[in-house]
Undergrad: 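Structure below; questions to follow.
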Amino acid sequence: MTVSDYSPRLIEPKWQRRWSDARAFEASNTSSKPKFYALVEFPYPSGEGLHAGHPRPYTAMDVIARKRRLQGFNVLFPMGWDAFGLPTENYAIKHRIHPRIVTERNISRFRKQCQSIGFSFDWSREVDTTSPSYYRWTQWIFLQLFKHGLAYKAEIPINYCTSCKVGLANEEVVGGACERCGGEVVRRIKKQWMLKITSYAQTLLDGLDTVDFLDKIKSQQRNWIGRSEGASVDFQLVSSSSGEPLEPLRVFTTRPDTLFGATYMVIAPEHPLITNYSNIITNLDEIHSYIDASSRKSDFERTEIAKDKTGVPVNGVSAVNPATGKRIPVWTSDYVLMGYGTGAIMAVPGHDERDWEFAKRFNLPIVEVVSGGDVQSSAYTDVDDGTLVNSGFLDGLRVADAKRVMIDWLSSRNLGESKIQYKLRDWVFSRQRYWGEPIPIVDCPNCGLIPLPEDQLPLVLPEVDNYLPTDAGESPLAAMTDWVNTTCPHCGGPAKRETDTMPQWAGSSWYFLRYMDPYNNNQFASKEALDYWGMVDWYNGGMEHTTLHLLYSRFWHRFLYDIGAVPFPEPYAKRTSHGMILGANGEKMSKSRGNVVNPDDVIAEFGADTLRMYEMFLGAFDQAIPWSTQGVAGCRRFLDRVWRVQQFVVNDETIPQKLLADVHGCVKKVSEDIERMKFNTAIASMMTLVNVIYNEGAITRGTLRVLLALLNPFAPHITEEIWELQNLGEPIYSRDWPQWDPAALERDEIEIAIQVGGKVRGRVTLPLNLSKEEAERVLPEHPAILSAANGRTIRKLIYVPGRIVNLVL
RNA sequence: GCCGAAGUGGCGGAAUGGCAGACGCCAGAGACUUAAAAUCUUUUGUCCGAUAGGGCGUGCGGGUUCGAGUCCCGCCUUCGGCACCA
């Protein structure tokens, strides 16, 4: 038969309409089928629209979702918009348009683009974090956090972006610069809303053992939470002149075994000790000028000049080493950070590199307490191989034992105890910006911070004239006196609303729950919906969100679990991640580099199915790969070949054994590779099958069915169209995933290689069930073996059934 | 410095310890065509060789093994993350 040309321009919109009309991909909250919840990170709808990187994770999960539907699952595969955020606000400021309008415009562009690629999202469940019916529940969750003491306001030094004029979470500071705009970040003292994620440090760590995340994701989260085991130790402070005892100074150390080697102490420049004892400190001027100098450094500068230690002694105050009983000096230096541990350390220069450098720089005594190195020339830090010396009752013990003995000794004297310390810090939750969720708190001069009653939610963003933050660093909402001035929900007296808004991470911390029940006006999701859908079965997203979104949403979710609002403790059963798509020049795609590929252009030239195929074929899914226009053309060529397979269709259904094995082998390969996210090799195997069909010049209708069903999740439009043209029945999306028959893959005999000393020297066809014993009897006489041996004596013959014959001559 | 991933043709990349380079791109040859494009067939790691065949080949150096891209030891390089975290 003759076949008309493959025309994606015509068939793609046709099938997109059909799917939509048939509600083919809408999930049901009441289904007898097993459920499967597939999730991709919802995008920030920027003004630029989708770029070539977006479709990669979406197509991957679309392939999985479509396969699961064919496998008989009730699949929830939703999409939404993480639409609060700075770029929209900046655009609104520049062009004097309300961010709401910008957001709506961007969303409709993104939605249209996603639909043109043929993703099987359930559009009936779309969510938008900026819609009041959505952020009402973001505010509700915040109120629960507040009521449980996990949201608090604190005057703390924060990372402040001088360009965005907002406070940033530690996670948002990248190399000393603002994660979003690249602007300079300085430290500033400001009263900010904080979320106590640190209370969940251990829970978040333990939860990782219960979920199926890629190892690199788990290790990055563990790293970020940064648990370390050690001891807290109190050092008695005394007045240097009178010897009069002062308050004890508490430190955290991971090396309590080295306590006898602590020859001085160092406190952070911000440590309260300096103010507390200003009356007895004798060099206050010197100290203050040091504090002043170091506070002017940003965090970035502080670490940049890490090589050269600076510091000044705190004269007038001394500490007593509890192990030796000796008086040791107290110093202040910015290599000790106020934000970790207690902001003070015991310095053991013999066995800590930083302390060693500091001691050398300022001529402080270095004492060896663990043998094995030369502490005068460098710090000896090995903990596995060393014995305690110069340490009284610890002498002769190994480091690990000495730690235990010292902790026992300290706790029995009430001088210290074992302690676990985390690097994780509380989450700075305030933004001095307009385009975010208002924080539903009222500040009353009489009652303090009062939560808005829940029936007053959502607290809707008011209209303002100007979206710029004030020069004082206040949110633009602060200028809205009508809105700010309110009454206290508690006493009814005059009070002021909080004018900071929430960070972008708020709305994305729970959005997967809203998809389960997006129109519920009474709860963020009903108990039935939560019970039915449960954990997200498979969540794919970017590595860049591992310590931000992924950690934050696990924290919120675990909190919701603890207050009984959700029935399962971890949100995501499985988490995978994709590699970035780079520009053709191997660099990150960006407007400034001019290497951005717009999916619309690819669709216009080649079609959506080609775009999808190429995104899945270009390489290993978890690796960054440069875009190649020629590679795209190759995928289009493959689809053209699939289209022309129609000319080979025969009515005879008998298939030769060899071809049968190829077909079943392909079903197995594609089925298994999709589960492992080895999309490139799944496609390669389908290409091979099509090549075989071309060589045969014939394909049965049964084989065509199998081929189209396997290819359908990758290229859904063309496969449905051929299916329809060939009258193969109800559309593929309503059918079953093909099964493979292991029996069809079995062969009686197989050709294997003959190696001589590991080098291939011949081939031999043998029965597959030839046993080892039989082989050792028969093979030395086999002509193919004798020819490979080429007259030399066979000293040893290794036969691996179905694999190899190796001769040692 | 620490944690993680990776290094294979001209290119993107395949290979449960068992035939390295599947599949695709690029390039070459042929068929079809007045011609070109498209399509179909075919060649394509590298060196020696007319062929048969052989040598060399998975970042580098060792090792284990009948057999190593794969496992072990020691390096080098690249990328991602963390970093004065006591």
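Proteins come first, then strands; the chains are lettered A, B, ... in the order of their sequence lines, and each starts at number 1. We use all heavy atoms of the structure for the numbers below, so side chains are in, but hydrogens, waters and symmetry mates are not.
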Undergrad: Pairs in or reaching into residues 609-626 of chain A: which pass side-chain hydrogen bond (donor to acceptor under 3.5 Å, both in side chains), with residues at least two apart or in two chains?
TA: A:Asp62-A:Arg612, A:Asp609-A:His717
Undergrad: Regarding A:Arg761, tell me which of base, sugar-phosphate or nothing describes its non-hydrogen contacts under 4.0 Å with the strands shown.
TA: sugar-phosphate
Undergrad: What residues form a ring-ring contact (aromatic ring centres under 6.0 Å, His included) with A:Phe362, not counting sequence neighbours?
TA: A:Trp331, A:Phe358
Undergrad: Report the residues that fulfil side chain to side chain contact (heavy atoms under 4.5 Å, CB included) with A:Ile794, sequence neighbours left out, ordered by chain and then residue number.
TA: A:Ile785, A:Ala789, A:Leu797, A:Leu807, A:Leu809
Undergrad: Indicate, with a heavy-atom threshold strictly under 4.0 Å, whether A:Ile798 touches base, sugar-phosphate, or nothing.
TA: base
Undergrad: Please convert RNA chain B into dot-bracket. A pair counts if it is Watson-Crick or G-U wobble with both distances under 3.5 Å; crossing pairs go in [ ] and bases paired with another strand get |.
TA: (((((((..(((.....[....))).(((((.......))))).((((....))))..(((((..]....))))))))))))....
Undergrad: Does A:Tyr380 have any ring-ring contact (aromatic ring centres under 6.0 Å, His included) partners at least two apart in sequence or in another chain, and if so, which?
TA: none
Undergrad: If I pick the C1' atom on B:A20 and the same atom on B:C56, what distance separates them, to the nearest angstrom?
TA: 14 Å
Undergrad: Name all pairs fulfilling the salt bridge (charged side-chain N to carboxylate O under 4.0 Å, His left out) condition that reach into residues 213-227 of chain A, sequence neighbours left out, sorted by first residue then second.
TA: A:Asp209-A:Arg222, A:Arg227-A:Glu229
Undergrad: Under 4.0 Å, heavy atoms only, any strand: does A:Lys216 hit a base, just the sugar-phosphate, or nothing?
TA: sugar-phosphate
Undergrad: Partners of A:Phe621 by ring-ring contact (aromatic ring centres under 6.0 Å, His included), sequence neighbours excluded?
TA: A:Phe679
Undergrad: Quick one: label A:Asn695 by what it contacts on the DNA or RNA (base, sugar-phosphate, nothing), any heavy atom closer than 4.0 Å.
TA: sugar-phosphate
Undergrad: Among all residues two or more places apart in sequence or in another chain, which pass the side-chain hydrogen bond (donor to acceptor under 3.5 Å, both in side chains) test with A:Glu41?
TA: A:His545, A:Arg575
Undergrad: Where do N or O atoms of nucleotides 19-25 of chain B meet protein N or O atoms at under 3.5 Å, pair by pair?
TA:
from, atom 1, to, atom 2, distance (Å)
B:C19, O2, A:Arg763, NH1, 2.7
B:C19, O2, A:Arg763, NH2, 3.2
B:C19, N3, A:Arg763, NH2, 2.4
B:C19, N4, A:Arg763, NH2, 3.4
B:G24, OP1, A:Asn691, ND2, 3.2
B:C25, OP1, A:Arg637, NE, 2.9
B:C25, OP1, A:Arg637, NH2, 2.9

